[in-house]
2 protein chains.
Amino acid sequence: MVGMMKPPEAGALDALALKFRSLELDSEADLQTVLRFVKIREAVSPGENIVDTRSPRRQLTVLLAGVACLHKKLEDDSRQIYTFQYPGDFCDLHRYMLPELDQKATVTALTACSIGTIRHDDLDQLLSQHPKLGLAFWRASMLEASILRERLLNISRRAALPRVASIICEQLARLEAINIKSAVIPITQVDLADAGGLSVVHVNRIVQDLRKLGALSKKTRTIEVASKERLAQLANFDRRYLNMPDLLSDWKIDIEELADS
Amino acid sequence: MVGMMKPPEAGALDALALKFRSLELDSEADLQTVLRFVKIREAVSPGENIVDTRSPRRQLTVLLAGVACLHKKLEDDSRQIYTFQYPGDFCDLHRYMLPELDQKATVTALTACSIGTIRHDDLDQLLSQHPKLGLAFWRASMLEASILRERLLNISRRAALPRVASIICEQLARLEAINIKSAVIPITQVDLADAGGLSVVHVNRIVQDLRKLGALSKKTRTIEVASKERLAQLANFDRRYLNMPDLLSDWKIDIEELADS
DNA sequence: CGTGCTGTTGAGGACGATCAATGACGGTGG
DNA sequence: CCACCGTCATTGATCGTCCTCAACAGCACG
């Protein structure tokens, strides 16, 4: 009745725990306390809306599995994707802190997802009893802002090819950061277009260019990275804006090597 | 020697106090405590760098008077302005929470400014002793993110005219929010171009169009709003993303009236 | 076996960039 | 006080990236 509450299954919250640790929430006790307040909801279908904007029961949503995106529809029914979201990412922090904002911004599942929710009421209590938690959420918001700045810069200043390459690089890096090593980026060309401010037609041509240039694999109907290095080079990608731990330090080396050549 | 520390002059910190109140920092005691840690530095000249990125003494900077912008230079020495900053705005929160990030992003004074600083060390203490403060800063970061999302949407999806109009609208609204009623927007066409991802030449033509359309005054060499309503209409401006209190509710009415026509 | 979404290809056109030159203004130093 | 310089604003011409429109193929879905 209270939204399919379930006993937390082993592993279901791993992504969230990983996220909090990357946000420097040091206290294991704080972490465990938060996790207890998470209600899990499995099986959100692709295309489905993750954040229920009409529900009176206000709650924070966190993605536990799958890929989603935060986006907004415009008057002319074009769509701007602000950010992609991966397991561990908070979907609607803004609705907690600034509920007046972004009425029309929604979060939609791109693949099959499962999500966790924390009631805003519970969050109020958690934050007042565990101040460190607030700092972690704050950090999460600043990371989101950093990603937005990078995207702004890309859309505003770079040509279509490096722009698309950058977006793919970001997704690859973020997937790796949560230990998903697959070279396949689970988003469509339509999504790339809506995220990069380009037409689908043009994105398609750019993707083909990237395939010819050896950055993406020749396999059609999917965005599969053939060479991370080549892609990063074409994108002029500097992943520092993602504030990632060292687990990806190989990227930096790659980039420096390319810079020399 | 420690950065021209001064006794806080009457009124110098008003902008900051106003800001904290708008961020829902309710406790007057908390507010007064923070203000005591602010060191004031007057007379930053236009073009000067506000955030000293090389100083070993890490500190948070807040704008107290004047206009500044957060921006980044690219390889091809084009410049992207992320946000404009007004009295009360925090200039480099990101450098406190995620110091690895945005090494190359800098804050530059656009007009004569005065700034306040709080040492990171002091901030650590303040935050641990006044948890509410952290929530206020968090809110500030989310507001910044909201502004970035709106800008992203504008640059990505709108033509040059509404884009420029939107940026001007935003500046006007933000100035009004801090009780600066002047119709003159204190930024140059160059700044508009760098913020909107357009060439200066094109911005100039758009500005002239906006003048012909009655949105800006005919006065050359300055961006002076002739009709807020006309401008908001051309921009399709919905200021909710700025999360402003009711002091500007007249705007909303204006927009609704225009929507009917 | 249609229907819909994604991907692909071609042709034409538009919006905005780039290049180039000039004027106006403010500040600086001789 | 004036000559000089840099920044900002303005105008004209050309060019190119990317959009739009249009059509179709493949695949997944019911």
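Naming: A, B, ... by sequence-line order, numbering from 1 per chain. Quantities reported herein were computed from a predicted structural model and do not represent experimental measurements.
- No engagement by A:Gly196 is indicated, since no non-hydrogen atom pair under 4.0 Å with the nucleic acid exists.
- Rounding to whole angstrom units, CD1 of residue B:Ile206 and C1' of C:dA14 are separated by 13 Å.
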Structure string for DNA chain D in dot-bracket form, Watson-Crick and G-U at under 3.5 Å, | interchain: ||||||||||||||||||||||||||||||
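- Heavy atoms of B:Val201 sit under 4.0 angstrom from at least one base atom.
- Salt-bridge check for B:Arg157 with A:Asp76: failed, with every basic side-chain N at 4.0 Å or more from each acidic carboxylate O.
- At least one side-chain nitrogen or oxygen of A:Arg211 sits closer than 4.0 Å to the OP1 or OP2 atom of C:dT8.
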Identify every side-chain donor-acceptor pair in residues 192-202 of chain B under 3.5 Å, counting partners at least two apart or on other chains, and give the distances.
{"unit_1": "B:Asp194", "atom_1": "OD2", "unit_2": "B:Arg79", "atom_2": "NE", "d": "2.6"}
{"unit_1": "B:Asp194", "atom_1": "OD2", "unit_2": "B:Arg79", "atom_2": "NH2", "d": "2.8"}
{"unit_1": "B:Ser199", "atom_1": "OG", "unit_2": "B:His202", "atom_2": "N", "d": "3.2"}

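- Look at A:Gln189 and you'll find a side-chain N or O under 4.0 angstrom from OP1 or OP2 of C:dT8.
- Donor-acceptor pairing under 3.5 Å is recorded for the side chains of B:Arg230 and B:Gln233.
- We find that B:Glu75 and A:Arg158 are joined by a salt bridge, their nearest charged nitrogen and carboxylate oxygen being less than 4.0 Å apart.
- The nearest whole Å value for the distance from the CD atom in A:Glu224 to the P atom in C:dG7 is 14 Å.
- Taking 4.0 angstrom as the limit, A:Arg205 places none of its side-chain polar atoms (N or O) nearer than this to OP1 or OP2 of C:dA11.
- Partner of B:Asp92 under the side-chain contact (heavy atoms from CB on, under 4.5 Å) criterion, out of B:Thr106, B:Val62, B:Thr117, B:Thr61: B:Thr61 alone.
- In terms of modelled atom types and a separation under 3.5 Å, the side chain of A:Ser114 and the main chain of A:Ala43 share no donor-acceptor contact.
- Closest approach to the A:Ala159 side chain among D:dC21, D:dC18, C:dG16 is made by D:dC18 (side chain taken as heavy atoms from C-beta onward).
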Sugar-phosphate or base contact per nucleotide [nucleotides 23-30 of chain D; S, B, -; heavy atom under 4.0 Å]: ---BS---
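- Using a 4.5 Å cut-off on side-chain heavy atoms (C-beta onward), A:Tyr82 and A:Glu144 make no contact.
- Proximity of B:Val184 to B:Ile223: side-chain heavy atoms (C-beta onward) are nowhere separated by under 4.5 Å.
- When the P atom of C:dT8 is taken as reference, atom CG of A:Leu192 falls 12 Å away, rounded to whole Å.
- In this structure, CG of A:Leu198 is placed 14 Å from P of C:dG7, rounded to the nearest angstrom.
- For the pair B:Asn204 CG and C:dG23 P, the interatomic distance rounds to 16 Å; values are reported in whole Å.
- Straight-line distance from the CD1 atom of B:Ile187 to the P atom of D:dA9: 10 Å, rounded to whole Å.
- At C:dT9, one or more side-chain N or O atoms of A:Gln208 fall inside 4.0 Å of OP1 or OP2 (strictly under the cut-off).
- Among the nucleotides C:dT9, C:dA17, D:dA9, the one closest to any side-chain atom of B:Ser199 is C:dA17.
- Rounded to a whole Å, the CG atom of A:Asp209 is 13 Å from the C1' atom of D:dC18.
- The separation between B:Arg158 atom CZ and C:dG16 atom P is 13 Å, rounded to whole Å.
- The side chain of A:Thr188 lies closest to C:dG7, out of C:dG16, C:dG7, D:dT20.
- Checked by atom type and distance alone, the side chain of B:Arg211 pairs as donor or acceptor with a backbone atom of B:Lys219 at under 3.5 Å.
- Side-chain contact annotation: B:His71 with B:Thr108, donor-acceptor N/O pair under 3.5 Å present.
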